[in-house]
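Let me begin by presenting the structure, written as C-alpha cells, before commenting on it.
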Amino acid sequence: MARAAESISARGSFSVALAGGNTPRGVYELLAEEPYRGAVDWSKVHVYWGDERYIPPTDESSNERMARETLLSKVPVEESHVHPMYAPGGPEGAAESYETILRTHFQGSANGFDLILSGMGPDGHTASLFPSTIADAVNDPRWVLPTHSPIGIGDRITLNVPVLTGAGTLLFLAAGADKAETLAAVFSDALPILPAAIVSRRAAQAIWFVDDAAAASLPASAIS
Ligand code: 6PG
C-alpha cells in the first residue's frame with residue numbers, strides 16, 4: 001500500500017508484479033478487504049506476474065488464477081491494466097511476447113517495476129529461477145525467460161534477474177519451517193549461489209517478510 005501511494009503520487013501509476021505459489025494468498029486476501037482495499041487507488045495500478053506455470057489460467061495451479069480469485073476479482077483494477085504471462089503457442093513464444101509488453105510499457109527500462117513480490121522455494125528458487133537454471137539466466141540478456149522446474153509443473157515463464165533486481169522494491173515472502181535452512185543460507189556471509197540469494201543481494205531494495213518458523217535459523221543480525 002505504501003509503495004502504491006508513493007508511486008502513484010510520484011508518477012501517476014503503480015506497476016507491481018505478483019508472486020505465485022501459496023504464501024502470497026494470505027496477503028492478496030487481506031489486500032482485497034477493508035481497510036486495505038480502500039487504501040489503494042486501483043485505477044492507477046498495473047498488474048503483472050513475476051512468474052507463471054505454463055498452463056492456461058483456467059487451471060487450478062495457475063498463478064494468474066490464484067491472484068484473480070484472491071484479489072483481482074475483488075478490487076476495481078482495470079482489466080486492461082492486468083497483464084497475464086500465459087499465452088498459447090508455447091513457453092518460448094509467451095516469454096517473448098511478455099518481454100515485448102514490458103519493454104513497451106517501461107520504455108526500455110529494466111527498472112520499470114515499482115514493486116515485485118516474490119516467494120522462495122525450499123531449494124532456494126525465486127520466481128521461476130531455479131538452482132539448475134540460474135547460472136545461464138544471470139548471463140542471459142532477456143528480461144523474460146522460459147524455464148523448467150524440477151518439481152511440480154515443469155514448463156515455466158519467469159522474469160529474469162535484471163528486471164527482478166531493478167524493481168524499486170523487491171518484496172520476498174517466506175513462511176514455514178521448510179524455508180528456515182534455505183533462508184539462513186540466503187543470509188549467510190557465503191558467496192550467494194542460490195537464486196533467491198543472488199537476486200536479493202543484487203536488488204536495488206530487497207525486503208524479506210518472514211514468519212518465525214522460516215526465521216528460526218537466521219542470525220540475529222539479519223532481523224530488523
Ligand atoms: C510458483 C512460485 C514459486 C513460489 C515458491 C514458494 O509459481 O510456484 O512463483 O516461486 O513463490 O515455490 O512457493 P510457496 O509460497 O507455495 O511456498
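Counting starts at 1 for both ligands and their atoms, in listed order. Keep in mind that what you see is a predicted model, and the values were worked out from it rather than measured.
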- request: Compute whether any side-chain donor of one residue and acceptor of the other, for Ser128 and Arg156, lie under 3.5 angstrom apart.
  value: yes
- prompt: Are side-chain N/O atoms of Arg3 and Thr169 paired as donor and acceptor at under 3.5 Å?
  reply: yes
At what distance is the nearest protein heavy atom to [atom], and which residue and atom is it?
atom: atom 16 (O) of ligand 1; value: Asn22 N, 2.8 Å
atom: atom 11 (O) of ligand 1; value: Gly119 CA, 3.4 Å
atom: atom 6 (C) of ligand 1; value: Met120 O, 3.4 Å
atom: atom 13 (O) of ligand 1; value: Gly21 CA, 4.1 Å
atom: atom 3 (C) of ligand 1; value: His125 NE2, 3.5 Å
atom: atom 15 (O) of ligand 1; value: Thr23 OG1, 2.6 Å
atom: atom 17 (O) of ligand 1; value: Lys179 NZ, 2.7 Å
atom: atom 8 (O) of ligand 1; value: Arg53 NH2, 2.7 Å

query: Does a side-chain N-to-carboxylate-O contact under 4.0 Å join Asp114 and Arg11?
result: yes
query: Looking only at non-hydrogen atoms, which of Leu129, Thr126, Asp51 approaches atom 2 (C) of ligand 1 most closely?
result: Asp51
message: Below a 4.0 angstrom heavy-atom separation, can you tell me which part of Leu173, side chain or backbone, both or neither, approaches ligand 1?
response: neither
Please tabulate, for the side chains in residues 173-186, all donor-acceptor contacts under 3.5 angstrom to protein atoms that are two or more places apart in sequence or on a different chain.
unit_1 : atom_1 : unit_2 : atom_2 : d
Lys179 : NZ     : Met120 : O      : 2.8
Thr182 : OG1    : Pro122 : O      : 2.5

- request: Mark the output for Ala127 as yes if a heavy-atom distance to ligand 1 is under 4.0 Å, and as no if none is.
  value: yes
message: Between Trp49 and Ile157, is there a side-chain heavy-atom distance shorter than 4.5 Å?
response: no
message: Quick one, Asn63 and Met85 - any side-chain contact, counting heavy atoms below 4.5 Å?
response: no
query: Against heavy atoms of Arg156, which atoms of ligand 1 measure under 4.0 Å?
result: 1 (C), 7 (O), 8 (O)
query: Can you name the nearest heavy-atom pair linking Phe130 to Pro150, along with the distance?
result: CD2-CD, 3.7 Å
- request: Measure centre to centre between the rings of Phe209 and Phe172, then say whether the value is under 6.0 Å.
  value: no
